Amino acid sequence: MGRWGTVALAALAVVATACSPSAADDVTSDEASTSTTRTPRITDDSGRPPVTFDPCYDIPDDVMNAAGYDAGKKELADMPMGTYTFLGCAYEGTVSVPGVLARYDLNVLSGNVTLEEERDKNGHAAVPTTINGRPALLEVDPGNVETCRYVLETNFGMVILSRLYQKDHSGPVPQSEWCDGFEQTVSTIEPFIQN
């Protein structure tokens, strides 16, 4: 995981646990309907493009609920880093298989770091791919156990969708299962990402 990935995910974990579960629900329907023209909540002093896709506001709740995540418990996090910015949203999964899977948790991070920068940092674990025709990377890093990440290119930088397999059993989950079914979820979310 790259420097910004580590910092952003750590910050998401810290800030998300401090946020009220209803924090993302404070957006009004007027704000949601004008998401393509909404001023970014956070900007930085880097000269990089502003982050125009805000995962907690721009992915419809019904889409996330249908994908097996509890949108009613989503938590937002703002992560201005000075030299780049990430807007994040954390979701808890609702699918459970007793003795196998407690749930999948999902973090969606939208940042003004380029796909090329991500490839330079995580090329050891990244495989180029596309999602609905959009350039992307699939990252499965053995050092980031039971996690599958898709990194999608945008005109402001990238969107990271990182799913954690919360197992409901002792012992490891085979690496071959970390990404099972996740590409479909990412393909469902991708159309809501503003270029």
Side-chain angles (χ1 to χ4, degrees), residues 1-19 21 55-56 59 64-65 67-71 73-79 81 84-111 113-131 134-153 157-190 193:
M1 181 179 300
R3 175 184 60 215
W4 49 80
T6 302
V7 172
L9 289 176
L12 178 61
V14 170
V15 177
T17 56
C19 291
C56 273
I59 304 172
M64 295 307 298
N65 287 332
Y69 296 92
D70 186 350
K73 293 183 179 178
K74 66 183 175 183
E75 306 211 1
L76 65 91
D78 299 329
M79 293 162 272
M81 305 295 183
Y84 46 85
T85 294
F86 279 94
L87 301 179
C89 196
Y91 294 89
E92 289 185 8
T94 59
V95 177
S96 174
V97 181
V100 178
L101 173 68
R103 67 175 187 262
Y104 293 115
D105 288 341
L106 177 66
N107 290 326
V108 183
L109 296 169
S110 181
V113 173
T114 68
L115 193 67
E116 291 75 24
E117 289 174 297
E118 176 67 12
R119 188 180 299 114
D120 290 346
K121 293 292 182 188
N122 289 319
H124 66 282
V127 175
T129 189
T130 59
I131 298 293
R134 184 189 295 265
L137 300 171
L138 168 59
E139 297 181 354
V140 180
D141 186 345
N144 199 5
V145 177
E146 293 158 4
T147 299
C148 182
R149 292 170 29 122
Y150 278 90
V151 183
L152 283 60
E153 184 175 54
M158 64 182 184
V159 172
I160 302 170
L161 295 101
S162 181
R163 187 184 76 176
L164 176 61
Y165 190 121
Q166 298 281 7
K167 63 186 176 185
D168 193 18
H169 61 85
S170 60
V173 174
Q175 185 173 328
S176 61
E177 296 178 14
W178 296 358
C179 295
D180 280 357
F182 191 36
E183 182 175 354
Q184 179 58 46
T185 301
V186 175
S187 296
T188 300
I189 294 169
E190 184 277 333
I193 299 173

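The shown structure was predicted, so the numbers you read here are calculated from the model rather than taken from an experiment. As a basis for the values below, the full set of heavy atoms in this structure was taken, side chains included, without hydrogen atoms, waters or symmetry mates.
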Short side-chain to backbone donor-acceptor contact, R134 and I193, under 3.5 Å:
yes
Within the 4.5 Å heavy-atom criterion, are E139 and L137 side-chain neighbours or not?
yes
Of all heavy-atom pairs linking T147 and W178, the shortest is O-CE3, 3.5 Å
Could you tell me whether a side-chain N or O of E117 sits under 3.5 Å from a main-chain N or O of T114, the two making a donor and an acceptor?
yes
Closest heavy-atom pair, A102 versus D168, reported as atoms and distance to 0.1 Å, is N-CB, 3.4 Å
Exercise. What's the verdict on side chain to side chain contact (heavy atoms under 4.5 Å, CB included) for V108 and Y69, showing C-alpha distance, side-chain angles and the deciding distance?
Worked result: CA-CA 12 Å; V108 183; Y69 296 92; over 6 Å; no
Do L115 and P135 make a side-chain contact, defined as non-hydrogen atoms from C-beta onward lying under 4.5 Å apart?
yes
V113 side chain reached by F86 side chain, heavy atoms, under 4.5 Å = yes
Rounded to the nearest 0.5 Å, the OG atom of S96 sits from the CD atom of Q166 at a distance of 11.5 Å
Value for OH (Y104) from SG (C148), rounded to nearest 0.5 Å, stands at 9.5 Å
- Message: Please check: side-chain N/O of T94 versus main-chain N/O of G68, any donor-acceptor pairing under 3.5 Å?
- Response: yes
Taking P142's backbone N and O only, do any of them form a donor-acceptor pair with Q175's side chain (distance below 3.5 Å, no angle check)? no
The residue among T130, I189, L161 that forms side chain to side chain contact (heavy atoms under 4.5 Å, CB included) with L152 is L161
Taken to the nearest 0.5 Å, the spacing of L101 CG from H169 NE2 works out to 8.0 Å
query: Taking NZ, NE, NH1 and NH2 as the nitrogens, is one of them in R149 or E118 under 4.0 Å from a carboxylate oxygen of the other?
result: yes
Quiz prompt | Side chain to side chain, E183 and T185, heavy atoms closer than 4.5 Å | solution = no
>> Tell me if a side-chain donor or acceptor on R103 pairs with a main-chain N or O of L164 at a distance below 3.5 Å.
In response: no
Taking every heavy atom of Y91 against every heavy atom of D70, the minimum-distance pair comes out as CD2-O, 4.4 Å
d(C89 SG, I59 CD1) to nearest 0.5 Å is 6.5 Å
Checklist entry - So, do L87 and C56 sit near enough that their side-chain heavy atoms are less than 4.5 Å apart? => result no
The side chain to side chain contact (heavy atoms under 4.5 Å, CB included) partner of L106 among K74, M64, E92 is M64
N65 side-chain N/O to A71 backbone N/O, donor-acceptor pair under 3.5 Å = yes
